[in-house]
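Report on the structure given below.
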Amino acid sequence: GMAGGAARVLLAALLGALPAAAERELRFRPPAEAPVRLFTEPELARYDGQQEGQPIYLAVKGVVFDVTSGKEFYGKGAPYNALVGKDSTRGVAKMSLDPADLTHDITGLTEEELKSLDDIFNNVYKAKYPIVGYTSRRILNEDGSPNLDFKPEDQPHFNIKDEF
C-alpha cells in the first residue's frame, strides 16, 4: 500500500539516493490527517510510543511534533522514548532524560541551555517533524482564557484553525 511506498522513498532519501530537492519535497508535504489540535497532558500522554501503529508525539516549548518517522529514536524501548507523550522542553534544553527534567518548566536554565534549546527546536524538531498542535498550557492561561501572546509556529505546512 501507500505506507510501504512512503517508507521506501524515505529510506532512499536517508540513503542519499534522492536529490536534495526531492528530499525537501518529501519532508514538507502536509500531513494528510487532522488539523492542528490543542492537547491536554492526558491526551498527549496517549501518544507515548507504547502502542504499535499509533503516532508518537513529543512537545517542545508547547509545540506538539509528530516524531513517528523517528521511531528508532522515540519508539518503545528506543533511546529517547522517555521524552515522548509529554512536553519535555527542559530535558531537551539540558540534554537530559532524568524524569525530573521531563517537563515544560524552564525555570533556572542557563543562557547556554536556553540557546541549545532554541537550536534543537529550530534545527531538529521544526526542520524534521510536522507540527500537529500545541499544549493547552501554550494556548490557554491558567484560568482557561485564551493566551493573547500565543504565536503559532511558521512551519511551511502549518495551518492554524479558526477555533484558536
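For reference, positions follow the sequence shown, starting with 1.
- Pairs of residues two or more places apart, or lying in two chains, that qualify as ring-ring contact (aromatic ring centres under 6.0 Å, His included) and include a residue from residues 73-122 are F65-F121.
- Applying the side chain to side chain donor-acceptor pair (under 3.5 Å) criterion to D119, with sequence neighbours excluded, gives K115.
- Here E43 pairs with nothing under the salt bridge (charged side-chain N to carboxylate O under 4.0 Å, His left out) rule; sequence neighbours left out.
- Applying the side chain to side chain donor-acceptor pair (under 3.5 Å) criterion to S88, with sequence neighbours excluded, gives no partner residue.
- The number of heavy-atom neighbours closer than 6.0 Å to CD of Q50, taken from other residues, nucleotides and ligands shown, is above 12.
- When the side chain to side chain donor-acceptor pair (under 3.5 Å) test is applied to Q51, no partner is found at least two apart in sequence or on another chain.
- Using a 4.5 Å cut-off on side-chain heavy atoms (C-beta onward), T89 and T103 make no contact.
- Here the closest non-hydrogen pair linking A93 and L109 is CB-CD1, 3.6 Å.
- Two residues are said to be in side-chain contact when any heavy atoms from C-beta on lie closer than 4.5 Å; T40 and R137 fail this criterion.
- The structure places OH of Y47 at 10.0 Å from CG of D66, a figure rounded to the nearest 0.5 Å.
- Interatomic distance, CG of L44 versus OH of Y134, reported as 14.0 Å (0.5 Å rounding).
- For P79, there are no side-chain contact (heavy atoms from CB on, under 4.5 Å) partners two or more places apart in sequence or in a different chain.
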Sequence neighbours excluded and cut-off under 3.5 Å, please list the side-chain donor-acceptor pairs for residues 140-148, or say none.
from, atom 1, to, atom 2, distance (Å)
N141, ND2, S145, OG, 3.1
N141, ND2, P146, O, 3.1
D143, OD1, S145, N, 2.9
D143, OD1, S145, OG, 2.6
N147, OD1, D149, N, 2.8
N147, ND2, R138, O, 3.2

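- By the 4.5 Å heavy-atom criterion applied to side chains, Y57 and V67 are not counted as neighbours.
- Identified under the salt bridge (charged side-chain N to carboxylate O under 4.0 Å, His left out) test for residues 82-95, with sequence neighbours left out: R90-D101, K94-D101.
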*Evaluate the criterion side-chain contact (heavy atoms from CB on, under 4.5 Å) for residue pair I131 and V64; output intermediate values, then yes/no.*
CA-CA 6 Å; I131 293 171; V64 181; over 6 Å; no
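- Here the CD atom belonging to E112 is positioned 13.0 Å from the CG atom belonging to L117, to the nearest 0.5 angstrom.
- Contact check for S136 versus F39: no side-chain heavy atoms found under the 4.5 Å cut-off.
- For T107, the side-chain contact (heavy atoms from CB on, under 4.5 Å) partners two or more places apart in sequence, or in a different chain, are D105.
- A search for salt bridge (charged side-chain N to carboxylate O under 4.0 Å, His left out) contacts involving D118 returns K61, not counting sequence neighbours.
- A search for side chain to side chain donor-acceptor pair (under 3.5 Å) contacts involving D48 returns nothing, not counting sequence neighbours.
- Between K71 and I56 the shortest side-chain heavy-atom distance falls below 4.5 Å.
- Between G49 and N81 the shortest heavy-atom distance is CA-ND2, 4.3 Å.
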